Amino acid sequence: MKSAVLGSVALIAIGVSIPAHAADMAVKAPPPSAPAAPYNWSGLYVGGNFGGAWTSGNLNIPGNNFYGGLTEFIAGIQAGYNFQAGHFLFVWRRRRF
């Protein structure tokens with residue numbers, strides 16, 4: 001019995017005396033990087049759009065009667081230039097339909 005107690009105390013003493021290597025050890029932090037530059041909206045843009053609509057019902061407007069449904073289509077292109085000065089954005093736009 002006495003040797004079992006002494007053996008347990010010896011194992012505990014050995015276990016306590018070994019330094020621990022934890023995952024949260026102090027690590028040298030990377031150097032701080034420069035803050036990201038704010039986004040600038042200045043520049044040329046070009047775009048296009050298209051769309052359509054249809055109906056199979058009747059559209060009754062006083063003075064006009066459309067029967068048999070309607071089908072419509074629309075499309076266009078646009079181009080322009082944005083210029084940003086501080087917090088202000090100036091827009092020049094040209095549209096063609």
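Predicted model, so just to flag it, every value in this text is computed and none were measured.
Nearest heavy-atom pair across Gly80 and Leu44 is O-CD1, 3.1 Å.
Taking Ile, Leu, Val, Met, Phe, Trp and Tyr as members and joining any whose side-chain heavy atoms lie under 4.5 Å apart, directly or through other members, the hydrophobic cluster of Phe50 also contains Phe73.
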Derivation and outcome, side chain to side chain contact (heavy atoms under 4.5 Å, CB included), residues Gln78 and Asn49: CA-CA 8 Å; Gln78 58 270 354; Asn49 62 298; 3.3 Å; yes
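Applying the side chain to side chain donor-acceptor pair (under 3.5 Å) test to every pair with at least one member in residues 32-41, sequence neighbours left out, gives these pairs: Asn40-Ser42.
With sequence neighbours left out, the side chain to side chain contact (heavy atoms under 4.5 Å, CB included) criterion links Phe90 to Phe83, Ala85, Phe88.
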